Amino acid sequence: MSEAETNNEYREQRLANLAALEEMGYPPYGAAFERTGSLAELRESFEEERPVSAAARLSTVRDMGKSIFADLRDGSDRFQVYVQKKAIGEDAFKAFKLLDLGDQVGVEGELFVTRTGEPTIKVSKWTLLSKAILPPPEKFHGLKDVEMRYRQRYLDLVGNPEVRELFNKRSALIREIRHYLAERGFIEVETPMLQSQAGGAAAKPFVTHYGALGSDVYMRIAPELYLKRLLVGGFDKVFELNRNFRNEGLDRTHNPEFTMLEIYEAFSDVNGMRELIQGMIIHVAETVFGTLSVGEGDTALDLTPPWREATYHELIREKMGDDWFDLSLEEARTKAEASGLDPDPAWDTLMVTHEVYEKTIEPALQQPTFVTRLPAQLVPLAKACPDDPSLVDVFELVIRGQEVAPAYTEMNDPIEQRRRFMEQAGDDATKIDQDFVTALEHGMPPAGGMGVGIDRLMMILSGAEAIRDVILFPQLKQKSE
RNA sequence: GGGCCGUUAGCUCAGUUGGCUAGAGCACUUGACUUUUAAUCAAGGGGUCCCGGGUUCGACCCCCGGACGGCCUACCA
């Protein structure tokens, strides 16, 4: 798609207009331009006969012969300008007619209200700021082609104001999260994205090569093991809000690079994390979206606290019957199959149970739910429940069927941690992060920790159906010739 | 990775049981118009019907292969 190179009538016409404007003394790519404010600010502070200047993209033109109405559009609003031949002179008027939709222009003039009640700038002088050589997308329907919307997101943003609004909200959400955590004494840190061991989760990493060291390095799949090192170092409230990379499939809820917030608090535990995340999500819902309810009808979401809390076992029993955990493997498998699942013959009871959870229970948890006390085998970096060593002291916050935030009372026993790593790595000591275990051996305080998928949180709060709708430039395949 | 669906003008979309010059709206060009706002009116130009191959007297349409996208599915702490 090299349409910039395509010779089409639009481009040629616009280049001809550019040349003509240049000839008339309008350099096509102007310099800084002093504006009274954004178009939204002009509208808010409207006052008749006030002299103002504005700069924005030309979005529609209504040519009446000796006068022209045109709309300017910027990231904030639309505003009408009125250009009169008599007012700006014959040459400037003639030149204005050489403008094309999409051109960036600056105008100076006086505010007034038209006969039909439209706030308008009566232009006394105009400046060309940037000539658009390619035409904008269709003005009424906007840009629909999803592929172009993602590949040329700038066109999506120009043509579809609701998209721009969504990304404004994403920015506000991130700002409010940082604000919320800073207010509670957390400091933001930056830990390596290039790691020699990709730890902290169990996903396939991207591998790249570091030439100067002559060795392969991995893009991080999680910052967890570095943040915990900082707990050892005495930072007692830390968070990192940045990208993780996972070399896995691409679908409606997965992008290979995604934004993760990880939070660790020394001397706290999973209960502290529960208070923190509930308060944080309510805070951003209120400040950014102005409401604790999202959507309507069957899928309406209500974030009013307190949120439901249920143990993993309770949810399983609720769905599969009180006797589920007394069943033999065969009986469990049969019952799972009766629920429409297809358990792998090699699986044990734990795996069959987890399949039931992931396929039938989690997706059905519409309202915010803290799922607690998960089987220890599923979570190697969490501490066991004091009353039951087969369970870990964790929660997974599920909203709208999606896992938004897993939180743990963190494992800080170096001996137990090494044992679990070895188990996970199939006893291959080269695959475990020895430096991390060494850090634990120096003594990590008891702590609560949590990861929050920011893209998914954004999807939930905005009602977006696909992760690529909340990521400015989602991963797409490269076009090959 | 597998299945289904889609790709027609710059954009948004019609359409053809396989037929002769492939349509509309916006956009563009020319003309008219000093309060319009998806301005209006008149005239006009614009197409590799995603790409490659096949069948056919004839393919945008049917068949095979491919690219890209969407949905579902699989994988994914």
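Chain letters run A, B, ... following the sequence lines, proteins first, then strands; residues in each count from 1. Please read all numbers here as calculations on a predicted model, not as lab measurements.
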Requested in this report: Please determine if a side-chain N or O atom of A:Arg62 lies less than 4.0 Å away from the OP1 or OP2 oxygen of B:U36.
Outcome: no

Query raised in the report: Does B:A39 have OP1 or OP2 sitting under 4.0 Å from an N or O in the side chain of A:Thr60?
Result: yes

Query raised in the report: Under 5.5 Å between ring centres and under 30° between planes: does that hold for A:Tyr10 against the base of B:G10?
Result: no

Query raised in the report: Would you say the base of B:U34 and the side-chain of A:Tyr82 have a donor-acceptor pair closer than 3.5 Å?
Result: yes

Query raised in the report: Does the side chain of A:Gln84 get closer than 4.0 angstrom to OP1 or OP2 of B:U34 through an N or O atom?
Result: no

Query raised in the report: Has the side chain of A:Glu9 got a donor or acceptor atom sitting under 3.5 Å from an opposite partner on the base of B:U29?
Result: no

**Report entry** A:Arg246 vs B:C75: side-chain N/O to OP1/OP2 distance below 4.0 Å
**Finding:** no

**Report entry** Out of B:C75, B:C33, B:U35, whichever nucleotide has its closest atom nearest the side chain of A:Asp251
**Finding:** B:C75

Query raised in the report: Do A:Asn412 and A:Lys383 have side-chain heavy atoms sitting under 4.5 Å apart?
Result: yes

Side-chain polar contacts of residues 100-109 of chain A - donor-acceptor pairs under 3.5 angstrom, sequence neighbours left out - could you list them?
{"from": "A:Asp100", "atom 1": "OD1", "to": "A:Asn17", "atom 2": "ND2", "distance (Å)": "3.2"}
{"from": "A:Asp100", "atom 1": "OD2", "to": "A:Asn17", "atom 2": "ND2", "distance (Å)": "3.0"}
{"from": "A:Asp100", "atom 1": "OD2", "to": "A:Lys131", "atom 2": "NZ", "distance (Å)": "2.7"}
{"from": "A:Asp103", "atom 1": "OD1", "to": "A:Lys131", "atom 2": "NZ", "distance (Å)": "3.1"}
{"from": "A:Asp103", "atom 1": "OD1", "to": "A:Ala132", "atom 2": "N", "distance (Å)": "2.9"}
{"from": "A:Asp103", "atom 1": "OD2", "to": "A:Asp100", "atom 2": "N", "distance (Å)": "2.8"}
{"from": "A:Asp103", "atom 1": "OD2", "to": "A:Lys131", "atom 2": "NZ", "distance (Å)": "2.7"}

Query raised in the report: Is A:Arg468 touching bases, backbone alone, or none of the nucleic acid, heavy atoms closer than 4.0 Å?
Result: sugar-phosphate

Query - Phosphate OP1/OP2 of B:C76: any A:Lys204 side-chain N/O under 4.0 Å - result: no

Query raised in the report: Can you check whether A:Arg151 has a side-chain N or O nearer than 4.0 Å to OP1 or OP2 of B:G69?
Result: yes

Query raised in the report: Which stems, defined as runs of 3 or more consecutive Watson-Crick or G-U wobble pairs with both pairing distances under 3.5 Å, involve RNA chain B?
Result: B:1-7 with B:67-73, B:10-13 with B:23-26, B:28-32 with B:40-44, B:50-54 with B:62-66

Query raised in the report: Are the side chains of A:Thr353 and A:Tyr312 in touch, meaning some heavy atoms are under 4.5 Å apart?
Result: yes

Query raised in the report: A:Lys139 side chain N/O closer than 4.0 Å to the phosphate oxygens (OP1, OP2) of B:G10?
Result: no

